[in-house]
Amino acid sequence: MVRAPSRHWTLARRLTATLVGTALLSTTLAFLVHDRALERGLRGNAQRRLLRAAQAGDLLITDHLAQLEMRYRSLAGAPQVRATLELAHAPTSAHYAERLRSEQRAALIAFLDSRGALHARSGDSALALAVRRAHQPGLLSAGGRLYAAVRVPVRLGGSQTHAMLAAEPVDDALLGRWSELCGAPLRIGAPGAGGDELLAAPIRAQDGVELFVTADLAPERAALTSARAKLALAGSAALAITLAACSFLARSLVRPIRQVQEAVAGIGNGALGTRLGSRRTDEIGEVARGVDQMAEQLLVSHSALEARNDELHQSQAHLAKAQQIARLGSFELDLESGELMGSAEFWALYSIEHPGRGKPPSELAERLHPEDRRSVLEAVRGSLETGAGAHLDHRILLPDGTERFFQTQFHIVRHADGRARRLEGTVQDLTERRRTEQQIRYLAYHDGLTGLGNRLMFSERVELAIRQSRRNRTKLGVLFLDLNDFKRINDTLGHGVGDELLREVADRLVRGAREIASRELDQGFEPAVARLGGDEFTVLVTDLRDVGDLALVAEHLLHVLHRPYRLEQNEIVINASIGIATWPADGERVETLLSSADSAMYHAKAAGHNSYQFYDASMNEVAGRRLAVEVRLRHALEQGALALHLQPKLELASGRIVGFEALARWQDGELGVVSPADFVPVAEQTGLISPLGRWVFAEVCRLVSQSDAKLAQAAARVSFNVSAREFGPRFAHDIAATIEQHGVNPQRLQLEITESAIMRDEQAVVAALEELRELGLSIALDDFGTGYSSLSYLRRLPVDTLKMDGSFIRSIDRDAEAAALTRSIVAMGKALGLRVIAEGVELPKQRALLARWGCDEIQGFLVAAPLPPEKALARLSRRARGARR
Ligand code: C2E
Ligand code: CA
Ligand code: CA
């Protein structure tokens, strides 16, 4: 927050006061200095002028006296004067003096004899005395008046010399004339009467009279006053201008500063959109731009912060949701206060009402299963002692009596000084997962339909048996059994009957093998029976003394299988063919042994119904048959006698067709329509699978690029099947090249692969799948539920979709176990973030169940059989339009 400035002493006021004060002070100072100088100048001038006037006055007086003397000297030289004085008759002389005085308008005319005594006179006696006394004639005063006086000699005959004295008044007219000539008034006064009057200058002082000039300072004073007035005016004007300038300056400085201040306050209060937009080029402009820039950056970081905040909230919500989905709770036990804090899911898992604040842990201990309580508490105590974390699997017992499997993990958080501070950890409810894993484990080793062991279990059993036989130096045999014409029964009586038949066959095989083993072979353990898939079964017989005993087993099994079956009002009789291979003669390893038994079985089939056949070298015949198929298939590939059909996949949520599975079809001139189930295995064994696969994929790409727009509109993918043997080191590369060649969008493609194919060479296959996924293809795990599947294993596979095998989907509407299994596979798939699709869906009821359990897609005859591409794609557009409407 920006504090509002004090209103008393704002910057504007301070600035104005300073400037005005300075102006006032300097103006006053200037005024005073100037005034003093002016006054001093005026006085000096007046004095100089007076001095000059005094000098001029002096000259005028001197000149006046000189003229006076000259005039009286010439009068004194006149013969009449000499004659009169030679008479030495005083009254005559006085008379003459009287006449001269009036002629000359003098105040005094007197004559002195040669001894200096007064001979005659005319005029005031006091004046005469003053003139006689003055040691030097000139100006003198008498009777309060000023006179100009002279003494001139009068030469008579001989050596006698008389003198004439004359005095003329200096009257006001004369003074006025002199004043005019001097430029200053002349005044008479007693000596010292001028005193120290500054503006008076003495001209001369004589005999008690002083003459001086005076100066009148009034004009100077008037000029000074006027100058002062003007100066004051100028000062006031300057002050006013300064004031105006100050207020302008203050306004121009303070207003933008105030704006900046308000903007900063606004920004501080969150108005981040505030902008000053100043165009000033000075420092304030720079500050304003700085503020704008700051606001801009604040806005940017503010929005980034908000976005991050949103993300945080979102991810917290996601976390809570994720915890709920994963049934995972987190907790913290404060070891100092003993308070236990837990996430919402944590309390939910323990079925304890969320306490809001912490809770003592004792209530939780009560929930532990009595059998596990001690070990759990001991583990916690041990952890606290050693400081190590722990990882516990234990059970809890809820108040309603249900038991759940928990996994609890925790570690210890310490203070800086090493003391244990709290215990942090998570609890996960693994009950469902355990159940699923148990089921999946069961699935992994068992055939869902018959409950027999599957290929995996059988292979492991054979492997074990081979090791034992090697140790015990005994022999063992594998019987490979295939029902004849089972496909026909399946097709004519329906899959339900087919399945029922397979279960019955399985039962009879198990019982038959047990009977014959105990009766004829004197065996320690009963023969292992497995179903490899479809109508193929295998039986393992160990501890053989004579491989010929296997014939007994085969005959007995053929016999028990041949007895009629009663299945839904039908009485069915079936035949089987059995191929027999022995260890070590017909194969050292499990695969070769099985493959030999398989060949022998084909041989038996060819030989006639309900027969068995030992493997032997002459079985090249079988190889011959395969060669024939291979030749025809190669031909078919070259001649384009193969075709692809597309089977639509339907999305349950939207009811739209969202994809197709491409399935190979072979129409052979001699053999008729050959099922891929028949020719794909041959292709796999002969190496033709690679060209077949390449043809299939090229054809898929061709179809996709042709109908790209349609597929893209429905966001549909076309999936293609890939056999185990197609995976070579260049597989991913070839796929990428074909995609490139056809210019196909990889998003339109999906690869279907079985788990057994992946397991053949897991590392290489997984790497290839990951590469394809990078390209944009999606990966579906085909026939899921029949192979080896464990949750942890699934998690490692780069797959997007689980495709549940049709064999158990087909019975979910009537078999609770199949239903439970399917349901848990869907749940598990979803928990792993996979898309789940069910194949082999034939009935509306199955569709409804799958929809309810959250299965994403279905494929099967209910939606459509595999169709020629044009027909299949036509469905896509119809459905897509329907969906839009
Ligand atoms: P798959 O991948 O499991 O294909 C599904 C099989 O189930 C197809 O048989 C299909 O016609 C059939 N099917 C579809 N809906 C239903 C239904 O509702 N009920 C029943 N009972 N069956 C249904 P198809 O076409 O005979 O193919 C058999 C197997 O041959 C395929 O099994 C696949 O493994 C293999 N295959 C087919 N085409 C190719 C191919 O191009 N390449 C390779 N490598 N294998 C292929
Ligand atoms: Ca498939
Ligand atoms: Ca399948």
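Worth knowing before you read on, the calculation uses all heavy atoms, side chains too, and leaves out hydrogens, waters and symmetry mates. Both counts, for ligands and for their atoms, begin at 1 and track the order of listing.
- Of all the heavy atoms of Gln647, the ones lying under 4.0 Å from any atom of ligand 1 belong exclusively to the side chain.
- Nearest N, O or S atom of Glu661 to the Ca ion (ligand 2): atom OE2.
- A salt bridge is absent between Glu463 and Arg589: the closest approach of a Lys/Arg side-chain nitrogen to an acidic carboxylate oxygen does not fall below 4.0 angstrom.
- The shortest separation from a heavy atom of Arg810 to ligand 1 is under 4.0 Å, placing the residue in contact.
- The minimum distance between the Ca ion (ligand 2) and any N, O or S atom of Glu752 involves atom OE1.
- Among the atoms of Ser719, no N, O or S atom is found under 3.0 Å from the Ca ion (ligand 2).
- Counted by atom type alone, Arg632 and His635 present zero donor-acceptor pairs between their side chains at under 3.5 Å.
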task = List the steps, then state whether side chain to side chain donor-acceptor pair (under 3.5 Å) holds for Glu651 with Ser654.
result = CA-CA 6 Å; Glu651 187 177 53; Ser654 65; 2.6 Å; yes

task = May I have the step-by-step check of side chain to side chain donor-acceptor pair (under 3.5 Å) for Asn721 and Glu661, ending in yes or no?
result = CA-CA 8 Å; Asn721 292 281; Glu661 177 175 11; 2.8 Å; yes

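- Side chains of Gln750 and Lys803: no donor on one and acceptor on the other come within 3.5 Å.
- Only the side chain of Ser675 comes within 4.0 Å of ligand 1, counting heavy atoms alone; its backbone N, CA, C and O stay farther away.
- For Gly693, the heavy-atom gap to ligand 1 stays at 4.0 angstrom or more.
- Judged by distance alone, with hydrogens and angles left aside, the side-chain atoms of Arg508 form a donor-acceptor pair with the main-chain N or O of Arg563 at under 3.5 Å.
- Between Ile753 and Phe720 there is no side-chain heavy-atom pair separated by less than 4.5 Å.
- Looking at Asp783, its side chain never comes within 3.5 Å of a backbone N or O of Thr754 through a donor-acceptor pair.
- Numbered from 1 in the order shown, with element, the atoms of ligand 1 that lie under 4.0 Å from a heavy atom of Glu726 read 44 (N).
- Annotation: Phe861 places an N or O atom under 3.5 Å from an N or O atom of ligand 1; distance criterion only.
- Distances from atom 31 (C) of ligand 1 to the heavy atoms of Val841, Val674, Leu663, Val680 show the closest one on Leu663.
- Residue Glu661 places a heavy atom under 4.0 Å from ligand 1.
- Contact atoms of ligand 1 toward Arg665: 11 (O), 25 (O) (distance under 4.0 Å to a heavy atom of the residue).
- Side chain of Arg847 to backbone of Ile858: no donor-acceptor contact under 3.5 angstrom is found.
- With Ala838, Pro681, Pro676 as candidates, the residue nearest to atom 26 (O) of ligand 1 on a non-hydrogen basis is Pro676.
- Within the set Ser723, Ser807, Gly860, the minimum heavy-atom distance to atom 44 (N) of ligand 1 is found for Ser723.
- If you run salt bridge (charged side-chain N to carboxylate O under 4.0 Å, His left out) between Arg531 and each of Asp507, Asp447, Asp499, only Asp447 comes through.
- Here is the list of ligand 1 atoms found below 4.0 Å of a heavy atom in Glu839: 3 (O).
- The proximity of Leu692 to ligand 1, defined as any non-hydrogen pair under 4.0 Å, does not occur for either the backbone or the side chain.
- The proximity of Gln859 to ligand 1, defined as any non-hydrogen pair under 4.0 Å, does not occur for either the backbone or the side chain.
- Between Arg773 and Asp800 there is a salt bridge, since at least one side-chain N of the basic residue sits less than 4.0 Å from a carboxylate O of the acidic one.
- Side-chain contact annotation: Glu460 with Tyr445, donor-acceptor N/O pair under 3.5 Å present.
- One option in Ile809, Asn721, Val696, Ile858 has a heavy atom closer to atom 39 (C) of ligand 1 than any other, and that option is Asn721.
- Assignment of Pro866 to the shell around ligand 1 is supported, since a heavy atom sits closer than 4.0 Å.
- Listed by number with element, the atoms of ligand 1 under 4.0 angstrom from any heavy atom of Asp783 are 3 (O).
- Looking only at its N/O/S atoms, Asp782 has OD2 as the one nearest to the Ca ion (ligand 2).
- With hydrogens and angles left out, the side-chain atoms of Asn490 and His495 include a donor and acceptor closer than 3.5 Å.
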